[in-house]
Amino acid sequence: MKATTPQLLTIFGASGDLTFRKLIPAVYDLFVQGLLPDCFGVLGVGRTEFTDESFRERVAPGVREFANKRSDDPSFVERFLPMLYYQSMDPQDADQYDLLKARLTLLSEACGTMENVIFYLSTPPSLYGVIPFHLAAYDLHKQDQGFRRIIIEKPFGYDLASARELNRRLLSVFDEDQLYRIDHYLGKETVQNLLVTRFSNGIFEPLWNRNYIDHVEITAVEDIGVGDRGGYYDGSGALRDMVQNHLLQLVGMVAMEPPTVVDSTAIRNEILKVFQSLRPIKPQEVPDYVIRGQYVSSHIRGKYARGYREEKGVPQESRTETYLAMKFFIDNWRWGGVPFFIRTGKYLPTRVTEIVIHFKETPHRLFASAYGKTHHNNQLVLRIQPNEGILLKFGMKVPGSGFQVDVVNMDFHYEDLSNAYLPSAYERLLLDAMLGDSTLYSRGDAVEAAWKFVDPILKAWESNPEIPVYGYPAGTWGPEHADSLIGEGKSWRYPCRNLADDGSYCEL
Ligand code: BG6
């Protein structure tokens with residue numbers, strides 16, 4: 001593996017939740033595994049007043065609670081904390097960037113970081129277009145002495161126009177290869193394994209097309225509500241929060257053509273082509289192709305569960321969708337006519353992300369099925385989380401006389417590997433940015449192509465408020481109307497916590 005060079009990670013928004021729960025614990029995990037460069041530092045930046053020492057005290061509990069490697073030698077934490085520094089400043093105020101520049105110079109001299117700096121924007125999105133300009137005003141974007149990279153958190157834009165504008169602003173001061181637009185789904189080990197499953201096996205790819213696949217189903221749901229993120233979420237909704245980015249990236253991985261090589265240009269070119277081939281959903285098709293819902297109060301295992309409109313920061317009359325199911329097509333040679341179904345939602349019965357490839361039935365029904373009339377289809381389930389693994393469902397003869405077929409499971413679970421350590425998404429992505437590998441980051445053109453697909457749906461909802469928002473009781477699988485999307489004789493898979501559980505036993 002390539003080694004990281006000395007560098008500084010500068011996090012804007014350092015007093016925020018993402019830094020506390022994800023970023024610092026991920027850096028710590030890299031530290032424990034010896035993956036950080038010899039000379040390395042994290043400079044937290046924010047308006048809140050901290051000293052280096054009080055910043056370390058603030059983030060230490062996050063490391064102890066959220067790092068994957070927290071149970072390793074506790075003295076690691078003591079050795080890790082001195083790598084963290086803090087600079088208080090207002091990132092909106094251009095005049096204060098001289099403070100930042102002076103601090104970076106000092107740290108790079110002390111630490112020998114050779115001016116290599118990553119800027120991580122973990123701030124409110126309104127600052128994504130502001131901070132890069134201020135950095136540039138102080139020449140902090142220039143790569144004369146070392147590299148300068150900038151990681152931009154989601155949401156990247158609010159719609160197509162704002163995403164384009166943000167790209168334009170960023171590209172007016174940074175080059176595309178300095179920009180790392182993060183989508184943490186691409187950092188998940190199991191998402192990357194989609195490429196390996198498809199392109200390192202001779203048995204799947206020949207079947208991976210319209211001739212053998214009936215439809216593709218992707219689910220990414222959670223068993224909790226919006227919690228204290230109501231203020232943010234109400235301006236976003238499931239389409240912007242999950243579909244435009246995470247779910248479409250999964251679609252890209254499932255549907256792309258084999259890249260010529262494994263590098264950031266080749267892989268991202270193929271993802272872009274998928275997005276460009278998404279058949280636009282016309283405004284009049286939106287009610288039939290896109291089902292939106294919002295959770296209402298209920299009792300889950302005897303406990304009261306708040307409805308979305310009762311959540312903090314959510315207006316009483318809110319029509320923001322907390323659930324979305326949609327059907328669409330990819331108009332290209334491989335996928336012509338194959339429907340894709342995706343769904344996402346808050347407060348469903350369990351937390352699960354998985355992709356189900358539904359293969360076509362055999363051309364002739366030779367045997368009786370143990371399920372009566374319904375014939376079974378082979379399914380390949382790629383479980384992204386939890387209980388990560390792969391499951392293949394196929395027909396097997398029921399022992400005894402005659403030829404009755406039952407469906408059995410063949411499954412692989414990551415936890416069965418002897419070296420089963422799955423790095424967190426942020427750990428993987430931060431390491432990639434440190435190494436200068438942007439393969440698992442979204443490219444500007446792909447982000448715009450994804451917005452181009454999503455934008456007409458947002459516009460249709462805006463101009464036709466009568467398009468229903470269906471209520472669903474918290475803790476259920478969402479509005480019944482989503483079933484009609486899938487079509488007659490088919491159904492969504494209702495996954496359990498454990499990949500291979502189905503039928504009578506199901507732990508949620
Ligand atoms: C985030 C969304 O990007 O992804 C959240 O803003 C969502 O609303 C989260 O809960 C889901 O990520 P994961 O990794 O828990 O599936």
Side-chain angles (χ1 to χ4, degrees), residues 13 16-23 25-26 29 65-68 120-125 128 151-158 163 180-194 218-251 253 292-295 308 311-314 318 320-324 342-355 382-388 414 422-430 440-442 447 450-451 454 474 478 495 497 499:
D17 212 40
L18 187 76
T19 306
F20 182 75
R21 287 167 169 267
K22 301 281 184 189
L23 303 182
D29 284 326
E65 189 177 347
F66 300 114
N68 276 330
Y120 195 120
L121 308 193
S122 170
T123 61
Y128 296 169
I151 303 180
I152 303 128
E153 255 304 325
K154 64 165 281 233
F156 195 92
Y158 185 74
Y180 289 69
R181 299 171 192 80
I182 204 162
D183 185 314
H184 79 278
Y185 264 59
L186 289 177
K188 292 182 192 276
E189 190 64 36
T190 41
V191 173
Q192 294 148 38
N193 189 47
L194 281 170
I218 303 181
T219 295
V221 297
E222 293 169 88
D223 56 357
I224 49 173
V226 296
D228 52 14
R229 293 172 77 222
Y232 148 77
Y233 194 88
D234 203 63
S236 171
L239 185 60
R240 289 187 176 95
D241 187 53
M242 289 292 288
V243 176
Q244 184 277 335
N245 35 59
H246 308 324
L247 280 160
L248 286 183
Q249 289 293 345
L250 293 181
V251 171
M253 293 291 219
R292 54 177 172 165
Q294 190 186 80
Y295 62 84
Y308 176 68
E311 302 280 17
K312 204 169 106 212
V314 174
S318 169
T320 296
E321 79 288 358
T322 61
Y323 172 96
L324 182 139
I342 60 180
R343 70 181 159 166
T344 184
K346 300 275 182 201
Y347 241 149
L348 269 66
T350 190
R351 172 179 182 256
V352 64
T353 301
E354 67 176 27
I355 295 159
L382 301 145
R383 177 61 78 92
I384 307 298
Q385 64 191 23
N387 194 223
E388 293 80 359
Y414 273 82
L422 293 187
S424 75
Y426 279 96
E427 202 179 321
R428 169 67 200 255
L429 292 172
L430 278 172
L440 300 174
Y441 285 85
S442 311
V447 174
W451 274 118
V454 158
R497 192 173 186 288
L499 169 62

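In each ligand, atom 1 is the first atom listed, and ligand 1 is the first ligand listed. FYI, side chains are in, hydrogens and waters are out, and symmetry mates aren't considered; it's all heavy atoms of this structure.
Side-chain contact between Asp183 and Tyr441 is absent, with no heavy-atom pair separated by less than 4.5 Å.
Taking every heavy atom of Lys346 and a limit of under 4.0 angstrom, the matching atoms of ligand 1 come to 5 (C), 7 (C), 8 (O), 10 (O). Proximity to Lys188 (heavy-atom distance under 4.0 Å) selects the following atoms of ligand 1: 13 (P), 14 (O), 16 (O). Here is the list of ligand 1 atoms found below 4.0 Å of a heavy atom in His184: 1 (C), 3 (O), 4 (O), 12 (O), 13 (P), 14 (O). The atoms of ligand 1 that sit less than 4.0 Å from any heavy atom of Asp241 are 2 (C), 5 (C), 6 (O), 8 (O).
Not counting sequence neighbours, the partners of Tyr120 by the side-chain hydrogen bond (donor to acceptor under 3.5 Å, both in side chains) test are Glu153.
Considering each of His246, Lys154, Arg351, Glu222, the one bringing a non-hydrogen atom nearest atom 7 (C) of ligand 1 is Glu222.
In this structure, a donor-acceptor pair under 3.5 Å is absent between the side chains of Tyr414 and Asn387.
Heavy atoms of Thr353 come nearer than 4.0 angstrom to ligand 1 in no pair at all.
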Note to self: Working note: Glu222 + Arg351, criterion salt bridge (charged side-chain N to carboxylate O under 4.0 Å, His left out); need CA distance, chi angles, decisive distance, verdict.
What the structure shows: CA-CA 4 Å; Glu222 293 169 88; Arg351 172 179 182 256; 5.6 Å; no
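In this structure, OH on Tyr233 lies 5.0 Å from CG on Asp241, to the nearest 0.5 angstrom. With rounding to the nearest 0.5 angstrom, the CG atom of Leu186 is 7.5 Å from the CG atom of Leu429.
Inclusion of Tyr185 in the set of residues having an N or O under 3.5 Å from an N or O of ligand 1 is warranted.
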